[in-house]
Number of protein chains: 2
Amino acid sequence: MTNIRKVAELAGVSVATVSRALKTPDVVAPGTRDKVLAAVEQAGYRPNLTAVQFRSQRTRNLVVLVPTIANTFFARVIGGIQEAAQRRGYGILLCNTLGDERTERAYAGMVSTRQADGLIQLRAYDPFTASDGKARPPMVNACEVLDAAPCPTVRLDNRAAARAVTEHLLTLGHRRIGMIKGPRNSPLTRDRLLGFQDALAVAGLLPDESLVCPGDFTPSSGYRAAGDLLSRADPPTAIFCENDEMAMGAMRRLKEAGLRVPEDISVAGFDDIAFASFCDPPLTTIAQPAEEFGREAVALLLDSIDGRDATADEHRIMPFELVVRESTGPVA
Amino acid sequence: MTNIRKVAELAGVSVATVSRALKTPDVVAPGTRDKVLAAVEQAGYRPNLTAVQFRSQRTRNLVVLVPTIANTFFARVIGGIQEAAQRRGYGILLCNTLGDERTERAYAGMVSTRQADGLIQLRAYDPFTASDGKARPPMVNACEVLDAAPCPTVRLDNRAAARAVTEHLLTLGHRRIGMIKGPRNSPLTRDRLLGFQDALAVAGLLPDESLVCPGDFTPSSGYRAAGDLLSRADPPTAIFCENDEMAMGAMRRLKEAGLRVPEDISVAGFDDIAFASFCDPPLTTIAQPAEEFGREAVALLLDSIDGRDATADEHRIMPFELVVRESTGPVA
DNA sequence: CGGTGAAATGTAACCGGTTACATTAACAGA
DNA sequence: TCTGTTAATGTAACCGGTTACATTTCACCG
């Protein structure tokens, strides 16, 4: 393999001069610089980045922990992360954790062992134990965020967004509204449920626990939950799903039961994934700037890595928008 | 930062003994081993992996180039890659190239510069130029595969799969069948088109170029293309889309035109993404073992990296299955 | 012409592991 | 007791860059 010494020999200069000609060209004489560049070209020299990383204690890699890449929303967030990271000269090490804490800690360890400079966590979980001490590696928590996050965060006001969806349904005259939740132990799910209940309370409605079904953000869990809601003595006239995937599963189930959406029952989702405007009927949902979540997370993380902002209390609340399409309508 | 020297000092042994106690424990005396492990524990020592990578010339990272992570099928493939890589102790460096060749080459360069040990390319493009010479870094090309790939490949028999879909439509009595293609210059698209034409030819039908519309694998391109097909004097009675995303876009467009699927017009897709069984009506499509593509690609790449199999002519053809759901029916 | 300072370049230490080779220790057999 | 052999451990070179510091070169000025 051609290394810097071979190039130095070829150009008739020292290794230091080669290094400088490549990294800080303005400090070497023009003539020397040209000689070096010619030698680099001739030798087909590419600096060994593991050596650079080792020496400089900087890898320019970021670890990204995502609960599941199969989720369309997360895929968009990752797209944003990757784009922003690349623009700033960073690569991303992706880990699809599937919620497994051992896996999360293993990948988080890549930061402790200097394989990456920082970490973006898209789940409400802190992979660093107390034993990591006060020397917490740079981390940003985005999308699904810990209540007392020990790091900067990027999130939505999920409670307000869920209230907006619920108010929309109430305005249409719905009074018996079902909800399909996300996974338990999730602050995000809890907040959306709170927003849902807030709106009901304002409308003077008592919360009905039996109208709230568990789900796990997959279409099939939405399908099952919708079935449960239909089997009630007095099924709801509208269903609010905590994401679009479950809403699509729910709509499938409703149609199989012979119900029309929205004439017989309304359905609302959350996230505004690409399919939301193409399913039948197009889905009323909350649009989130997914890619922007990713970009913002990268910006905060790089700030933290570069020590530009030591405070771990930098929190960004991203905007949402209620997108009313055809899956919600007046109560029958 | 605690390094191996601190640990050695703490344990009262040499750095070599510490290294051995961790990497090849059987060559150090049990008593010494215990002392070292205790010192490691006490110091909270984690080996600096950049140093290990630099020294051993192995990073245990793989670069993955994906045209677009937003595509549900690719997301599943990446999930398979990530899982298999992790099981073998490798991390993945993900690059969402969006088809940009500069970006692809930049990331591919991470292999040449030793930041990664190999590369998985999910697009029909070779990021290594001739100047990289005979020292081609380990690479595997999966899913969308070059005709003369200079490396092992993992792919589907797209031609046979497309023929199977088309034969299914012919069996239902369709004679005027539209097709929505993927991006131009794609061997995968070309093969699916060939399979489509094969089936038509066997049925004695002449190919009708005007029934073949361009698309780009997004729902909106399917939506547009379906509109084009409908505007013909004699629109097709069935549409074969080269992926499920476009099929869902097309179905949306057909419904807006007041057509019922499959009573008035049949639609078939390709890939069997999660939404395929939840859209309305559930989509007839080709199921591909997406995760398995990823796992297989990793297996081939690690073989190549470890020199277990020097031949670049290892090619895997993955199985497909025609999944008939409700979006296709007899011609009206 | 010698002195001065700036610019250009060279020398070598250093980053933190791994490992070839050297050394020491321990023990068996003569 | 001495020698040979093996196991355990230590010493130090090495990987390929970066960079502090030393040295050389050279223009310019008194």
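Since the model is a prediction, treat every value here as computed from it, not as a measurement. Chain A is the first sequence line, chain B the second, and so forth, proteins listed ahead of strands; every chain is numbered from 1.
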Find the distance [X]:[atom1] to [N]:[atom2] and express it as a whole number of Å.
X       : N      : atom1 : atom2 : answer
A:Gln57 : C:dG17 : CD    : P     : 10 Å
A:Glu9  : D:dG17 : CD    : P     : 14 Å
A:Leu49 : D:dG17 : CG    : P     : 9 Å
B:Lys6  : C:dC15 : NZ    : C1'   : 13 Å
A:Lys23 : D:dT18 : NZ    : C1'   : 7 Å
A:Gln53 : C:dC15 : CD    : C1'   : 13 Å
A:Phe54 : D:dC14 : CZ    : C1'   : 11 Å

Among all residues two or more places apart in sequence or in another chain, which pass the side-chain hydrogen bond (donor to acceptor under 3.5 Å, both in side chains) test with B:Tyr45?
none
I'd like to know if B:Arg295 pairs up with B:Glu292 as an ion pair, taking the criterion as any Lys NZ or Arg NE/NH1/NH2 lying under 4.0 Å from an Asp or Glu carboxylate oxygen.
yes
Minimal non-hydrogen separation, B:Ala75 against A:Ala70, with atom names
CB-CA, 4.5 Å
Take A:Arg87 and A:Glu83 through the test salt bridge (Lys or Arg N to Asp or Glu O under 4.0 Å) and record every step on the way to the result.
CA-CA 6 Å; A:Arg87 202 176 33 225; A:Glu83 179 219 315; 2.9 Å; yes
Could you run down nucleotides 4-13 of chain C 5' to 3' and tag each one B, S or - for protein heavy-atom contact under 4.0 Å?
----SBBBB-
Using a 3.5 Å distance criterion without hydrogens, assess whether the side chain of B:Arg155 forms a donor-acceptor pair with backbone atoms of B:Asn141.
no
Side chain to side chain contact (heavy atoms under 4.5 Å, CB included) involving B:Thr218 - partner list, sequence neighbours excluded:
B:Asp216, B:Ser220, B:Ser221
Taking 4.0 Å as the cut-off, does a side-chain nitrogen or oxygen of A:Asn48 come that near to OP1 or OP2 on D:dG16?
no
